[in-house]
There are 2 protein chains.
Amino acid sequence: MESKRTQASRTAATRAALVAAARPLFAERGFAAVGTDEIARAAGVTRGALYHQFAGKTDLFAAVFETVEAEIAARLAAALGDGGSGDPVATLHDGIDGWLAACADPEVHRIVLIEAPAALGWERWREIGRRYGVGLVEAVVQGLLDAGRLPPQPVLPLAHVLVGALEEAALFAARADDRAQATADVRAALVRLVDGLVVP
Amino acid sequence: MESKRTQASRTAATRAALVAAARPLFAERGFAAVGTDEIARAAGVTRGALYHQFAGKTDLFAAVFETVEAEIAARLAAALGDGGSGDPVATLHDGIDGWLAACADPEVHRIVLIEAPAALGWERWREIGRRYGVGLVEAVVQGLLDAGRLPPQPVLPLAHVLVGALEEAALFAARADDRAQATADVRAALVRLVDGLVVP
DNA sequence: TGCTTTCCATACAGTCCGTCCGTAAGTTAC
DNA sequence: GTAACTTACGGACGGACTGTATGGAAAGCA
């Protein structure tokens with residue numbers, strides 16, 4: 001079968017090809033430094049296809065960003081799902097490890113943490129991020145509050161503060177000379193941070 | 001006097017005019033969206049002067065970024081200098097307040113936290129930031145370690161984690177609908193965070 | 001004052017984004 | 001099956017922007 005390609009499959013194929021081609025380019029050289037012609041050629045199509053499938057270069061980047069975010073969220077959800085039955089604080093520690101491991105990949109932290117805020121603007125960046133990574137942190141914090149492991153307080157401010165700590169920790173670890181050592185160090189700092197928050 | 005302008009003063013005047021003109025433009029529309037011609041016209045010169053004084057658009061942005069960072073650092077150093085004789089934890093609380101107040105200005109947080117990482121790259125961003133805001137946090141953490149108010153640990157990882165928390169807190173507060181409420185909320189979250197770290 | 005260096009304005013070349021139009025591939029109606 | 005229509009795509013054009021090269025004015029120095 002599949003001798004006759006349907007429109008939907010054509011569209012899906014070209015969009016996927018463009019996203020897959022743009023991802024390493026954006027990650028390597030940044031949003032502004034890579035042109036649409038290079039992306040289209042790498043995807044085996046022309047700029048005409050790109051501008052038919054996406055509203056523009058920024059929209060294509062948003063699609064790449066969403067793909068990366070979805071991968072991280074799925075990875076973290078899987079890791080957190082395993083420890084869901086145990087101590088919520090232990091779950092949080094697992095989440096820290098999973099996050100740092102995911103951001104070790106330059107394709108992740110360069111796109112998610114460096115390029116996306118400027119390319120999409122902070123509001124749109126956070127709006128998308130809230131459906132993925134930020135949303136996970138919110139859920140974990142809410143779980144801790146429900147379990148009485150945190151003093152009563154609004155969820156969102158604490159979640160944002162923790163997200164900021166996690167993001168900068170990931171960049172510090174990923175860009176360090178000795179990444180293994182740096183990862184262990186920031187992990188310890190993050191664990192001390194969250195352990196100081198929770199009540200027995 | 002001043003009928004006869006010296007070369008040094010000419011250079012200083014044009015550089016200052018360009019930096020002053022570029023600052024609100026970059027803050028309002030972002031690094032990529034504002035052209036060099038618009039900056040030059042706003043400064044009352046031409047692009048020729050811009051490219052004579054700066055290596056390029058990125059270099060001009062770096063100068064703007066350094067100016068903003070220097071202002072924040074001076075402001076925080078003044079606030080922290082007053083409380084230097086008191087409790088180091090109280091000093092840290094004052095630092096949080098000063099930081100949140102400084103980042104309430106869009107010219108600050110848009111340039112420092114959104115545009116700079118992508119425009120300059122993370123390494124250069126942090127290299128400059130370390131001479132200003134990040135360096136202050138490092139000093140405060142080192143002071144807490146010396147005073148025995150923190151369990152022994154490397155300074156840099158904890159400083160970066162705290163900087164990340166502070167940065168995201170500032171963005172959250174600055175972009176919220178109810179900024180006063182959001183500022184109070186993230187301030188409380190940050191205070192709980194650092195209070196959980198220190199030992200009596 | 002005459003010469004050199006610094007500072008700056010103008011003109012030019014190269015690149016890149018977004019849009020427009022024509023064509024091909026796929027879908028629906030009869 | 002084929003005709004009418006919609007969707008996907010390639011190629012080319014126009015506009016904007018960055019960085020550079022060239023010529024002249026202002027300042028430093030003898």
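In the text below, chain A, chain B and the rest are named by the order of the sequence lines, each starting its count at 1.
When the nucleotides dT27(C), dG10(D), dA9(C) are ranked by their closest atom to the side chain of Gln7(A), dT27(C) comes out on top. The Gln53(B) side chain lies nearest to dC7(C) when the options are dC7(C), dG11(D), dA9(C).
Atom P of nucleotide dA21(D) and atom CZ of Arg47(B) are separated by 14 Å, given to the nearest angstrom. Distance OH (Tyr51(A)) to P (dC17(C)): 6 Å, rounded to an integer number of Å. The NZ atom of Lys57(B) sits 17 Å away from the C1' atom of dT20(D) (whole-angstrom rounding). Atom pair Leu60(B):CG and dG19(D):C1' shows a separation of 14 Å (rounding to whole Å applied).
Backbone-only contact: Thr36(A) has heavy atoms under 4.0 Å from sugar-phosphate atoms and none from a base.
A salt bridge links Glu71(A) to Arg23(A): one of the charged nitrogens lies within less than 4.0 Å of a carboxylate oxygen. A salt bridge does not link Arg175(A) to Glu127(B): none of the charged side-chain nitrogens sits closer than 4.0 Å to a carboxylate oxygen. Here Arg130(B) pairs with Glu138(B) in a salt bridge; the nearest charged N to carboxylate O distance falls below 4.0 Å.
Side chain of Glu107(A) to backbone of Asp105(A): no donor-acceptor contact under 3.5 angstrom is found.
Each of Arg10(B) and Ala55(B) was assigned the nucleotide of DNA chain D with the nearest heavy atom; the assignment lying further toward the 5' end belongs to Ala55(B).
Here His52(B) reaches the OP1 or OP2 of dC7(C): one of its side-chain N or O atoms lies under 4.0 Å away.
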